[in-house]
There are 2 protein chains.
Amino acid sequence: MAITIKLIAQKSGFSASTVSHAISGRNPGKRSLSPETINKIRAVAQEMGYRPNLLAAGLAQSKTYAIGVLVALLRGDFYERILEAITEVVWPEFSPLLAVHNYDLQRERREIDLFLGKRVDGVIAACSGREENIEAYQSIIKNYSMPLVFVDRGLNGVDCPVVRGDHEKTAFLAAHELQKLGHKRIIYATAGAKLESTELFKDGYRKAMGEAGLEPIVLHPDLAVWNKQINRQLAADVVDQVRRGDGPTAVVCQVDWLAYDVLAQCELHGLKVPDDVSVMGLQDCEPSALPAISLSTIRVSFEDVGRQAASVLLKLINGEDIGRQTFMIEPSVIMRGTTRAI
Amino acid sequence: MAITIKLIAQKSGFSASTVSHAISGRNPGKRSLSPETINKIRAVAQEMGYRPNLLAAGLAQSKTYAIGVLVALLRGDFYERILEAITEVVWPEFSPLLAVHNYDLQRERREIDLFLGKRVDGVIAACSGREENIEAYQSIIKNYSMPLVFVDRGLNGVDCPVVRGDHEKTAFLAAHELQKLGHKRIIYATAGAKLESTELFKDGYRKAMGEAGLEPIVLHPDLAVWNKQINRQLAADVVDQVRRGDGPTAVVCQVDWLAYDVLAQCELHGLKVPDDVSVMGLQDCEPSALPAISLSTIRVSFEDVGRQAASVLLKLINGEDIGRQTFMIEPSVIMRGTTRAI
DNA sequence: GTGAAAGCGCTAACAG
DNA sequence: CTGTTAGCGCTTTCAC
């Protein structure tokens, strides 16, 4: 048994409530304590190595000092960066309770249930995008009045703030930069899940092509699951197109990791980058800056996404009304070695 | 207010304790419920969207359904892989409560305090290696009787199981493979913190060199902090050595990311890899498999480290006695394109 | 089979 | 300035 407030009360000769106040430093009913009392109590507590049971405190206050963070995956230069930023912002008041849904419907539901059961003080989620779980998300807000913030993409029918990169602009910029370099036949490739974000990326690309009076070409296989093999296959398809007589002179990949595969396939088929074809990624993942890769890309600061999401959540927790605003992080162009003017 | 057991009791016409038993499916005092009762209660609960408050349940049972996971950082192809594996193993009984110490002494202490305050059911930690916090870790075990498992490295004076890669063997294998390729002058470089693990890596390298009757050369700058710039500088130093008349013909880097910098520096100075110098990493990070990098390395499965750590923790939570055993994950050799025979 | 009652450790009125 | 009391929502002994 760990040591409790009662013990401290006994040892210090005060009552439990006095101890509680002295330790917490709060004072609800305008209660005031003499400095000596406070010091004495704190000294005893210190000496005995007393650490308040936050669970019990939480039960009494309906507060858990934890927020739920639900991500799709834990790898890929994306969620971990968001997660890290969130952790920093809410520290030390809240600890992130981590959950991963892996785009699995049941799993996503279950994770939300766990958050609910644990009565976390708020939730930040990168949803799977599946409509089947709309209700689950709604119940977070409606039945439990827990603050909820979506990252990277929203979900139709769920009324809460969304913090994400400006996907549309991100893809727009990529196509636009390539156009500035003289490219006209630009292909867009993605193996992304059927998410709001995936669509926005494509929209941005299409918009850039439309404004320039160019024909958009989108490669987006319709898949239920995703794995590395799929990226490779998609990259092979892209390169196939490029090698055609009238094929694209440039390709935009929805995420840098896909672009790496395209680079690899180019090499495999004797295509020189950027001489024979220009390649751009989106999102600026870590390896892109390595000289051996040197991928031109559009950077999105996931750190900013995480930070912003966390601070919006904190506001919500503090009772501010945010509505269902969307907060967007600005992308920026990073031209490296895989693109050239033609 | 969320809905409580009392409400369910009222609506279903049973008492709170009966409801509790029906819902949880447990039966402590050999209590038995009629199936109809169970069904009826469950139906009502279902209908009202009842979700037991795990906090309250936890308070009553001294169980929190959460484990603390303390890592050094959240990026770098390492902790997130461990974290993901842990999450999968403990799911759905426990949720990981995430904490990051970033090698900061105060921060580490504070994170431990938070775990203690939250009364998590167990802790998995990648400690900072600083002795100042030995007591904090000890109090997890001694004062709070919480199960504790270290990952990647232990801490002298803290009596608990450690799960980690076989660091010594990992570095040994790297040097050994290079020796098999005919290399005699092999340099070892690291910018690692002063951790048990860092020392073990060096030991393994030295052992391999010793057994082969070769002179070990270790480059290990003595630093308080770490940043990307440091890796680059270290890589530059390595390449400096290589370019000397009688310099090393091969280099082993304690982590793949350092090797990437070495590769970059080589290119910068006109050194061909592997023609002029062979380069090996350790740990097999994601980018190493990219054709543009194709780094020879020694693979350590962090997934296995995480899984093993989690399952040891579960055993500890279930009351098994593990002592302070060290569980080691076997490394495996992965030769790619940055090494050659001479 | 089921209910009553005490209690987990802490907080927050309400008294004094 | 400080103590008493009544919960927070659930579990669990004990009694019927």
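Order of the sequence lines sets the chain letters (A, B, ...), proteins ahead of strands, with each chain counted from 1.
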Taking only side-chain nitrogens and oxygens of B:S34, does any of them come within less than 4.0 Å of OP1 or OP2 of C:dT2?
-> yes

Between the base of C:dA4 and the side chain of B:S17, is there any donor-acceptor pair under 3.5 Å?
-> yes

Figure out the CG/C1' separation between B:N39 and C:dG1, and round it to whole Å.
-> 15 Å

Between atom CD in A:Q10 and atom P in C:dC10, what is the gap in whole Å?
-> 13 Å

Side chains of residues 134-141 of chain B: which donor-acceptor partners sit under 3.5 Å, not counting sequence neighbours?
| unit_1 | atom_1 | unit_2 | atom_2 | d |
| --- | --- | --- | --- | --- |
| B:Y137 | OH | B:E108 | OE2 | 2.6 |
| B:Q138 | NE2 | B:G157 | O | 2.8 |
| B:S139 | OG | B:A136 | O | 3.0 |

Where the side chain of A:S15 is concerned, which of D:dT4, C:dC10, C:dC8 is the nearest nucleotide?
-> D:dT4

Winner on side-chain proximity to A:T4, out of C:dC10, C:dC8, C:dA13, is C:dC10

A:I41 has an atom CD1; how far is it from atom P of C:dC10, in whole Å?
-> 13 Å

A:F14 side chain, from C-beta outward: closest of D:dT2, D:dT13, C:dC10 = D:dT2

OP1 or OP2 of D:dC8 sitting under 4.0 Å from any side-chain N/O of A:S62?
-> no

Using the closest heavy atom to pick a nucleotide of DNA chain C for each, name whichever of B:T37 or A:I5 lands nearer the 5' end.
-> B:T37

Please state how far atom CG in B:N53 lies from atom C1' in D:dG9, giving the value in whole angstrom units.
-> 6 Å

Interatomic distance where CG belongs to A:L55 and P belongs to D:dT11 [whole Å] = 13 Å

Just to confirm, is there a sub-4.0 Å distance from OP1 or OP2 of C:dC10 to any side-chain nitrogen or oxygen of A:Y65?
-> no

Protein-nucleotide distance (B:K6, atom NZ; D:dC10, atom C1'), rounded to Å = 10 Å

Nearest-Å distance, NE2 (A:H21) to C1' (D:dT4)?
-> 13 Å

Measure from the side-chain heavy atoms of B:S20 and tell me the nearest of D:dT12, D:dG3, D:dG7.
-> D:dT12

Describe the nucleic acid contact of B:G117 in one word from base, sugar-phosphate, nothing, applying a heavy-atom distance below 4.0 Å.
-> nothing

Rounding to a whole Å, what distance do you find between B:I3:CD1 and D:dC10:P?
-> 9 Å

Nearest nucleotide by nearest heavy atom, which residue falls closer to the 5' end of DNA chain C, B:T18 or B:Q61?
-> B:T18

Between B:D159 and B:R324, is there a side-chain N and carboxylate O pair less than 4.0 Å apart?
-> yes

Evaluate the side-chain proximity of B:E93 to B:K63: yes if any heavy-atom separation is below 4.5 Å, no if none is.
-> yes

B:F94 and B:Y65 aromatic centres sub-6.0 Å | no

Here the gap from B:D113 atom CG to A:R51 atom CZ, rounded to the nearest 0.5 Å, amounts to 4.0 Å

